[in-house]
Colleague: 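Got a structure for you, written out below as structure tokens; questions coming shortly.
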Amino acid sequence: MKPALMFFWTAVSLYGLSTFSYIFGMIAKQEKLFTIGLYSAVAGFIPHVIAIALRWSATGITPFIDISESLTLGTFMAVLIFVFFQFISKKVRPLGVLIIPVVFVLLGWAGTLMKEVATSLSPALQSGWIWVHIVGASAGFASVLVAAGLGLMYLLKERKSGGIYDRLPDLGALDILSYRFVAGGFIMYGLMMISGCFWSNQVKGNYWGWDPVEVWSLVSWLVYGIYLHLRITFGWRGTRLAWYALIALIFMIVSYWGIPFGVETFHSGFRIEH
């Protein structure tokens, strides 16, 4: 377990370096700091992956169940999508100014909650639906986090000009990119909920049990559904949706990790022996 922890905190440290590089890059308007931030994030991603792999290989049990493991996977997916997007779209260099600090804080929080590797799982987790559920949740979170980051870029470019802001994509492009990531997150989050319903029926004999996490997941999914409705049906664009994407991210984080942390629910963790 010690090597896994060493790699884990190495990842946190590198994401911390990336966070400060992005923040000070925005303050000083120095693009070189964005490059340092990006490559620090890439460097942090490597031990992040190794830490997950070591924890998984220790017992062969999927390390994505309790809150710390869920946070670790969610941030892993966020960095994966962020880095991929950055390398195929170099015009959005400051994007990490929101994404990486969120990753840094959440992964650091995960470290404070981490338990020993489990040696057994509840039968409830021995289901194929768990993989669909987990991938949908983590990919959905990553997508809407990137969408919120693009929303922030829109708001900054709208209010400021010169230097790094002139090198960002135009407002229309940022608006469309944010919309596409919200749509992707909405689909993946919907996949998470549908698979969760089938999983619940398999375990408890009903598709919906009004568990607090189920309710909050539905609320946050509907929040993004409203975003799409406002854009497609009512023609909302630009500033209003950029703010919406930022505020909606809070609902996502609260429903995904805040509720299971603060309330004993069906989703609070199924491990039966550590």
Colleague: Hey, could you give me the OG/CE distance between Ser138 and Met77, rounded to the nearest 0.5 Å?
Modeller: 3.5 Å
Colleague: Do other residues, nucleotides or ligands put more than 12 heavy atoms under 6.0 Å from Trp9 CH2?
Modeller: yes
Colleague: Main chain of Phe186, side chain of Trp221: is a donor-acceptor contact present, judged purely on distance under 3.5 Å?
Modeller: yes
Colleague: Is there a donor-acceptor pair under 3.5 Å between the side chain of Gln30 and the backbone N or O of Phe24?
Modeller: no
Colleague: Let's go through Tyr22 and Ile36 carefully: what are the C-alpha distance in whole Å and the side-chain angles of both, what is the deciding distance for side-chain contact (heavy atoms from CB on, under 4.5 Å) to 0.1 Å, and is it a yes or a no?
Modeller: CA-CA 8 Å; Tyr22 275 112; Ile36 293 172; over 6 Å; no
Colleague: May I ask you to test the Thr75-Phe104 pair for a side-chain heavy-atom distance under 4.5 Å?
Modeller: no
Colleague: State, to 0.1 Å, how close Val254 and Trp216 come at their nearest heavy-atom pair, and which atoms those are.
Modeller: CG1-CZ3, 3.8 Å
Colleague: Ile99 and Val146: side-chain contact (heavy atoms from CB on, under 4.5 Å), yes or no, with the steps?
Modeller: CA-CA 7 Å; Ile99 295 168; Val146 174; 3.9 Å; yes
Colleague: So which heavy atom on Lys91 is nearest to which on Pro169, and how close?
Modeller: O-CD, 3.4 Å
Colleague: Which residue pairs pass the salt bridge (charged side-chain N to carboxylate O under 4.0 Å, His left out) test with at least one member in residues 165-190, sequence neighbours excluded?
Modeller: Glu31-Arg167, Asp175-Arg231
Colleague: Which atom names give the shortest non-hydrogen contact between Ala245 and Ser178, and what distance separates them?
Modeller: CB-OG, 4.3 Å
Colleague: Tell me, do Thr72 and His48 make a side-chain contact under 4.5 Å, heavy atoms counted?
Modeller: yes
Colleague: Kindly work out whether a path of hydrophobic side-chain contacts (I/L/V/M/F/W/Y, heavy atoms less than 4.5 Å apart) joins Ile247 to Leu218.
Modeller: yes
Colleague: For the residue pair Trp56 and Phe64, is the inter-centroid distance of their aromatic rings smaller than 6.0 Å?
Modeller: yes
Colleague: Distance check, rounded to the nearest 0.5 Å: Leu174 atom CG versus Leu155 atom CG?
Modeller: 10.0 Å
Colleague: Please check if any side-chain donor atom of Thr10 sits under 3.5 Å from a side-chain acceptor atom of Tyr15, or the reverse.
Modeller: no
Colleague: Judged by atom type as modelled, is there a donor-acceptor pair below 3.5 Å linking the side chain of Thr233 to the main-chain atoms of Leu230?
Modeller: no
Colleague: Any side-chain heavy atom of Ile164 sitting closer than 4.5 Å to one from Arg93?
Modeller: no
Colleague: Determine the minimum heavy-atom distance between Leu14 and Pro47, stating which atoms define it.
Modeller: CD1-CG, 4.2 Å
Colleague: Does one hydrophobic cluster hold both Val223 and Trp236, with members joined at side-chain heavy-atom distances below 4.5 Å?
Modeller: yes
Colleague: Hey, quick one: are Val97 and Trp243 part of the same hydrophobic cluster, counting side-chain heavy atoms closer than 4.5 Å, chains of contacts allowed?
Modeller: yes
Colleague: If I take atom CD from residue Gln86 and atom OG1 from residue Thr35, how far apart are they, to the nearest 0.5 angstrom?
Modeller: 9.5 Å
Colleague: Tell me whether Lys157 contacts the main-chain N or O of Tyr165 through its side chain, where contact means a donor paired with an acceptor under 3.5 Å.
Modeller: yes
Colleague: Should Met193 and Glu214 be marked as a side-chain contact (heavy atoms from CB on, under 4.5 Å) after you check the CA-CA gap, both sets of side-chain angles, and the distance that decides it?
Modeller: CA-CA 8 Å; Met193 292 185 61; Glu214 293 175 352; over 6 Å; no
Colleague: Could you grab the distance from atom CD1 of Ile134 to atom CD of Glu69, nearest 0.5 Å is fine?
Modeller: 9.0 Å
Colleague: Given the rule that I, L, V, M, F, W and Y join up when any side-chain heavy atoms are under 4.5 Å apart, are Leu106 and Leu113 in one cluster?
Modeller: yes
Colleague: Just wondering, more than 12 heavy atoms not from Tyr244 lying within 6.0 Å of its OH?
Modeller: yes
Colleague: Starting at CG of Leu17, measure out to OG of Ser21 and round the result to the nearest 0.5 Å.
Modeller: 4.5 Å
Colleague: Does the Ser18 side chain pair with the main chain of Gly37, one donor and one acceptor, at a distance under 3.5 Å?
Modeller: yes
Colleague: Hydrophobic cluster membership, with links at side-chain heavy-atom distances under 4.5 Å among I/L/V/M/F/W/Y: are Ile176 and Leu145 in one?
Modeller: no
Colleague: Are Thr19 and Val103 side-chain neighbours, meaning at least one heavy-atom pair lies under 4.5 Å?
Modeller: no
Colleague: Quick one: pull up OG1 in Thr239 and CD in Glu158 and give me the separation to the nearest 0.5 Å.
Modeller: 3.0 Å
Colleague: Is Ile232 close to Tyr227 at the side-chain level, that is, under 4.5 Å between some pair of heavy atoms?
Modeller: no
Colleague: Contact between Ile100 and Phe82 at the side-chain level, heavy atoms closer than 4.5 Å - yes or no?
Modeller: yes
Colleague: If I compare all heavy atoms of Val182 with all of Ala147, which pair ends up nearest, and what's the gap?
Modeller: CG2-CB, 3.5 Å
Colleague: Between Phe85 and Phe181, is the ring centroid distance below 6.0 Å?
Modeller: yes
Colleague: May I ask you to decide if the ring planes of Tyr39 and Phe87 are parallel, tilted or perpendicular, using 30° and 60° as cut-offs?
Modeller: perpendicular
Colleague: Please find the pair of heavy atoms, one from Gly151 and one from Ala242, that lie closest to each other, and give the distance.
Modeller: O-CB, 3.5 Å
Colleague: Could you check whether any side-chain heavy atom of Met114 comes within less than 4.5 Å of a side-chain heavy atom of Leu5, counting everything from C-beta outward?
Modeller: yes
Colleague: Where does the angle between the aromatic ring planes of His229 and Phe234 fall among parallel (under 30°), tilted (30 to 60°) and perpendicular (over 60°)?
Modeller: perpendicular
Colleague: Have Tyr189 and Ser220 got a donor and an acceptor in their side chains that come within less than 3.5 Å?
Modeller: yes
Colleague: What do you reckon, are the aromatic ring centroids of Phe76 and Phe45 less than 6.0 Å apart?
Modeller: yes
Colleague: Give the C-alpha distance, both sets of side-chain angles, the deciding distance and a yes or no for side-chain contact (heavy atoms from CB on, under 4.5 Å) between Met26 and Leu156.
Modeller: CA-CA 10 Å; Met26 288 298 294; Leu156 290 173; 3.3 Å; yes
Colleague: Heavy atoms, side chains only, cut-off 4.5 Å: are Phe141 and Ile253 in contact?
Modeller: yes
